[in-house]
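Residue numbers start at 1 and run along the sequence shown. Since the structure is predicted, the reported quantities are computational estimates derived from the model, not experimental observations.
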Amino acid sequence: MFRPTALGGALTALATVAAGVFLAAAVNTSPAVAAGTGTGYLHTNGNQIVDSTGATVRLTGINWFGMETDNKTFHGLWSSNPWRGQLDTMARLGYNTLRVPYSNDALKSGATATGINDFVNPDLVGLSPLQILDKVIGYAGSKGMRIILDRHRPTAAGQSPLWYTPTVSEATWINDWKMLAQRYAGNPTVIGADLHNEPHAEGTNPAATGACWGCGDTTRDWRLAAERAGNAILGVQPNWLIFVEGVSCPSGGLSNVWDNDPSNDEDCGWWGGNLSKAGQFPVRLSVANRLVYSPHEYATSVYRQSWFDAPDYPANMPAIWDRYFGYLYKQNIAPIMMGEFGSTLADPKDKVWLERLMAYTGTGVTGMSFTYWSWNPNSGDTGGIALDDWTNVNTTKQAILQPYLIAPSGGGPTGGPTGGPTGGPTTPPPGACTASYRQVNAWPGGFQGEVTVKNTGSNAVNPWSVTWSWPSGVTLGSGWNATVTQSGTTVTAAAPGHAPSLPAGGSITVGFTANGTASAPGTVKLNGASC
């Protein structure tokens, strides 16, 4: 979650937004960039995130919270929309990454997940919070999505300005991170650790007691703590990205603006949002090309910062973003992944804010990465992309984000923790399927066709995914009966949420329109096995 540096501010109720049709996910197929979230583990190159082949990746994700609360698992599992259906919608809309907030309480032995609709989600009955997380990771990976784990709170009771509390020590914080790094070692769906959510100021200057940046006090300097935790994680899992948020006030204390002493006043931003000192005091990790800075940024529905009422708003915002975090990207120092940003959009200023912020991140695959807050509609001062039924979508918000989303495509490495349940898709043996093609129609510059695949194996394939290749110059127009996307010359048709399983002897027909010379699909595969 999120809070401003200053205290106060009334919460604004979520405005009711009529449900609408889902919007088509954008797909980036430019040369020399990765489809969706790329291949293998990710690392950094200057201000870009790249995959194991060196292709550029842009994380365009969303937060699904709940594991940091008393429920100790994802919110919305109480709804009538199954958990897989919710992930299907996220991927369909174009969110290629899932940021998962958790508290250390959810990781404890004996932790119990609550708030689950057993009728809708019978496969989650009796599972621990970590076992549910395993299943979400497995299924998200099968859709080509990536996972960022976010230590959101030390306990379910609430956030903390420092990374430790009287009841949750720094050692516990680091040891739990090492456990998670080991649990998901070898599973590239999980790409990294957002070390601690929203370090922020506490106490009034000069008697600061909150998180500082570059002050040198090992009990308060968030930059030094991030190095200790990040290096401990990399010692277990050197392939992970380390996501480091900012602070609110670099001194770690709130300015006393009433003491008539300007020396005690400083430029403060959102909790976790101020990386103004990271250029002077960078986070130093033991493994090169693993650092991503992750600021938070909000609008008036969270708190009415002074800049929203400036005479030159919104023209003043790019300079503010430059100062707090954008300079790191613009000077090619490190990638930016905005871990949280959102609003109810109840105030017209907030709609302008979101439009300008998205434009600021840049278009295409080389823009700044982000994970929107949130999927959940029950975020009190922002609302969500999902509406209250956890099924339909706030189309106003989605329409603003849509041009910047790069959909997951092609699936990816799946599986649960090492030695644990995989939760991934079934892979049939080679030859355990047949494929046929029918051209339905053709016109100058395009055509319509159907690919039918039959599972000739003895077991169901769940979830199923069909791929085929097209000649260069043939591009996807639209698809149905599956989530159809294209990367380069490869087309992927992923199972819809309502029909994830292809039984033994069963068939599926994927329809499409395409641009270019009418061409029969080549090299048709069912979950990676050639037909």
Side-chain angles (χ1 to χ4, degrees), residues 26 28 30-61 95-97 99 146 148 150 191-195 213-214 222-223 226-227 230 234 238-247 250 269-270 272-297 317-341 356-372 401 403-406:
N28 187 294
S30 301
V33 301
T37 51
T39 302
Y41 283 106
L42 307 182
H43 59 282
T44 69
N45 181 12
N47 66 1
Q48 297 295 301
I49 297 174
V50 297
D51 72 359
S52 60
T53 71
T56 303
V57 168
R58 186 179 190 181
L59 306 178
T60 62
Y95 299 101
N96 64 33
T97 301
R99 181 174 179 260
R146 303 288 192 150
I148 298 169
D150 156 45
I191 57 170
D194 189 335
L195 298 176
W213 191 291
W222 168 234
R223 174 247 197 165
E227 292 175 349
L234 292 172
N239 292 310
W240 268 13
L241 296 173
I242 303 299
F243 296 87
V244 180
E245 300 182 26
V247 293
W270 297 106
N274 191 334
L275 287 158
S276 61
K277 295 291 187 181
Q280 182 182 358
F281 301 103
V283 172
R284 301 156 297 184
L285 297 176
S286 56
V287 180
N289 303 317
R290 297 294 183 271
L291 173 64
V292 179
Y293 288 114
S294 187
H296 291 187
E297 168 68 22
M317 295 308 299
I320 292 170
W321 296 326
D322 282 350
R323 184 170 72 250
Y324 285 140
F325 60 86
Y327 74 98
L328 296 164
Y329 174 88
K330 291 185 175 182
Q331 297 177 23
N332 204 37
I333 294 172
I336 291 294
M337 200 290 292
M338 262 197 312
E340 293 182 18
F341 62 106
R356 296 296 181 95
L357 179 63
M358 296 313 298
Y360 179 82
T361 67
T363 58
V365 76
T366 59
M368 299 179 195
S369 293
F370 57 84
T371 49
Y372 185 78
L401 298 172
Y404 303 89
L405 300 179
I406 299 174

For [X] versus [Y], what's the shortest heavy-atom pair and its separation?
X    : Y    : value
G230 : L195 : N-CD1, 4.2 Å
L291 : T44  : O-CG2, 3.6 Å
M338 : S294 : C-OG, 4.3 Å
M358 : L401 : SD-CD2, 3.7 Å

### Query
Among side-chain atoms of T361 and R58, is any donor-acceptor pair under 3.5 angstrom?
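On atom types as modelled, these side chains qualify, holding a pair under 3.5 Å.
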### Query
Looking only at side chains, do T37 and N96 share a donor and an acceptor under 3.5 Å apart?
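There is no such pair between these side chains.
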Give a yes or no answer on whether the side chain of [X] reaches the backbone of [Y] with a donor-acceptor pair at less than 3.5 Å.
X    : Y    : result
N274 : V247 : no
R290 : P238 : yes
S52  : T39  : yes
D322 : G326 : no
S369 : L59  : yes
T56  : V365 : no
Q48  : T366 : yes

Beyond-backbone contact of [X] with [Y], side-chain heavy atoms, under 4.5 angstrom:
X    : Y    : result
I148 : F243 : yes
W240 : I191 : no
F325 : Y329 : no
Y324 : W270 : no
F370 : T60  : yes
P282 : R223 : yes
M317 : L357 : no
R146 : Y41  : no

### Query
Taking atom OG of S276 and atom CZ of F281, what is their separation to the nearest 0.5 Å?
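S276 atom OG to F281 atom CZ measures 10.5 Å (nearest 0.5 Å).
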### Task
Measure the spacing between CG of L275 and CH2 of W213 and express it to the nearest 0.5 Å.
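Interatomic distance, L275 CG to W213 CH2, rounded to 0.5 Å: 5.0 Å.
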### Query
In terms of side-chain geometry, is the basic nitrogen of E245 or R99 positioned less than 4.0 Å from the acidic oxygen of its partner?
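Yes, this pair counts.
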### For Y372, ring-ring contact (aromatic ring centres under 6.0 Å, His included) partners two or more places apart
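Applying ring-ring contact (aromatic ring centres under 6.0 Å, His included) to Y372 gives F341.
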#### Entry: By ring-ring contact (aromatic ring centres under 6.0 Å, His included) - contacts of Y293 (at least two apart)
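Counting only residues at least two positions away or on another chain, Y293 forms no ring-ring contact (aromatic ring centres under 6.0 Å, His included).
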### Query
So which of N332, I333, I336 actually passes side chain to side chain contact (heavy atoms under 4.5 Å, CB included) with N47?
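Per the side chain to side chain contact (heavy atoms under 4.5 Å, CB included) rule, the option paired with N47 is N332, out of N332, I333, I336.
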### Message
So, applying side chain to side chain contact (heavy atoms under 4.5 Å, CB included) with V292, which one of L241, I242, L42 is it?
### Response
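Passing option: L241.
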